[in-house]
Amino acid sequence: MEPTLYTNDMVFAETISRRLFRINRGDVVVVCNPMDPHTQICKRVIGMEGDIVCTNNKSYWIKKYEHIARGEKITSVQLFWQRFPIGHVWLEGDNMEHSSDSRLYGPVPYALIRSRVVWKIWPLSNFGSIDKCPTGRSHEN
Amino acid sequence: MKEESCILCKGEQVYKTPKVAHCFQHWALLSGLLVKVVIPSLNKDSLTSQTCLPGENEAIYCQENNACSAGRIGHASQLWLIGENVVTILTRSPRNPDQKMIKRVIALEGDIVRTMGYKKQYVKVPSGHCWIEGDHRGHSMDSNAFGPVSLGLMHARASHIVWPPSRWQRLQSSLPSDRRPLHDMEHMDPKYSLSL
């Protein structure tokens, strides 16, 4: 999640938004790892159900569900409603090159979201609110 | 048949908790217990007496289970034995996060399952996931509809039916003999083994 969050950073997260279903695109959330239920991961919500996600590499998951491919470097994957499961979200880390996220294991069920990160506490030099997505991904649709 | 049970027989899972039970639920959480009033219908009325899974308007006693530590609690108390005994669990639906459902765990990660009605005939359950099925096959919204379920969605383990009193019983952990996961790839049709 660099440069937004670094390892050993301390943040304040609230669990009310997920109960009220107010998680939006661009929110940094703490999610129960779908691959390992004992751990939690911190990613940014890029897409909600019904969105069309544009990604820059053909991950293993996308290869199975690819319907439309345009261009060489940018692969636009159109996820039809009957394929992109309802009740799921698309997560991506801000550090696009070294992030294992939905590009690896596909959309994540919404119920796995544990909390929404609101404020950075430690280190004090980085004290403040969470920045917007540095790659501008959350504004693509 | 009531209208409610008609809707439920189509495969919809409905979870409702009256407000009274909500208050009791929060109190019970403090003491480590969790009681929910469940109105799912995994079976038609005629089958409910045959299987021990809860039907409509029945309350069950669940052992509270933090979703993130589902596996840890299972191993510590030997509730889950991989591949052998299964439990009925209370889980959030992966399609609708507001909905809870009660299903039976058929297979855990690494097992190969012969599916019924899924897009692939044989599925190897990925790590961190499990395969759940309802007892009422064919009319159940379970893994045969939406695939393996992440263990992080597990909410609690259902252990007893407490209401109505005529249905007092302990929910047995039993795996139907024809739903055992395949441990040997040789039992599978060779043409399907490549697609795993």
Side-chain angles (χ1 to χ4, degrees), chain A residues 13 15-24 27 29-43 45 47-50 59-61 63-67 79-91 100-116, chain B residues 12-13 15 17 22 25-26 65-76 80 82 89-101 103 105 108-110 118-120 123-130 132 141-157 195-196:
Chain A
T15 58
I16 298 175
S17 295
R18 75 166 178 107
R19 294 182 192 275
L20 301 177
F21 301 100
R22 291 187 184 275
I23 301 286
N24 297 316
D27 285 346
V29 293
V30 177
V31 174
C32 190
N33 191 352
M35 293 292 121
D36 181 11
H38 301 302
T39 59
Q40 292 181 336
I41 54 178
C42 182
K43 299 292 173 193
V45 175
M48 310 282 285
E49 61 182 7
S59 70
Y60 169 73
W61 186 89
K63 280 177 187 165
K64 292 166 64 178
Y65 291 92
E66 188 174 35
H67 299 285
L79 303 167
F80 301 115
W81 66 269
Q82 65 262 30
R83 295 299 185 116
F84 189 92
I86 58 174
H88 287 60
V89 294
W90 188 268
L91 302 175
S100 64
D101 44 28
S102 283
R103 293 171 295 172
L104 176 70
Y105 40 74
V108 174
Y110 182 96
L112 283 180
I113 294 177
R114 291 281 156 252
S115 54
R116 185 175 71 101
Chain B
E12 293 294 318
Q13 297 297 326
Y15 170 79
T17 306
H22 254 306
Q25 167 190 333
H26 291 298
N65 195 353
N66 187 7
C68 290
S69 61
R72 182 167 71 234
I73 289 180
H75 293 145
W80 293 355
I82 297 175
I89 48 134
L90 194 66
T91 173
R92 290 190 178 270
S93 166
R95 284 190 176 176
N96 184 357
D98 203 16
Q99 211 175 61
K100 290 193 177 74
M101 53 174 62
K103 301 292 170 188
V105 174
L108 294 176
E109 60 187 23
Y118 192 56
K119 51 188 175 183
K120 286 169 62 175
V123 169
K124 182 166 185 179
V125 182
S127 65
H129 289 67
C130 65
I132 58 173
M141 189 73 73
D142 51 17
S143 284
N144 288 312
F146 42 70
V149 175
S150 179
L151 283 174
L153 292 174
M154 299 302 126
H155 195 73
R157 186 186 83 94
S195 64
L196 278 182

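Scope of the values below: all heavy atoms of this structure, side chains included, with no hydrogens, waters or symmetry mates. So you know, we letter chains A, B, ... as the sequences are listed, proteins then strands, and number each from 1. Because the structure is predicted, anything quoted here is derived from the model rather than measured.
The nearest pair of heavy atoms linking B:Ser150 to A:Asn33 is OG-O, 4.5 Å. Between B:Leu153 and A:Leu112, the closest heavy-atom pair is N-CD2, 3.7 Å. A pairwise comparison of heavy atoms in A:Pro37 and B:Gly128 identifies CD-CA, 3.9 Å as the closest pair.
Environment of CG in A:Leu20: crowded, with over 12 heavy atoms of neighbouring residues, nucleotides or ligands closer than 6.0 Å.
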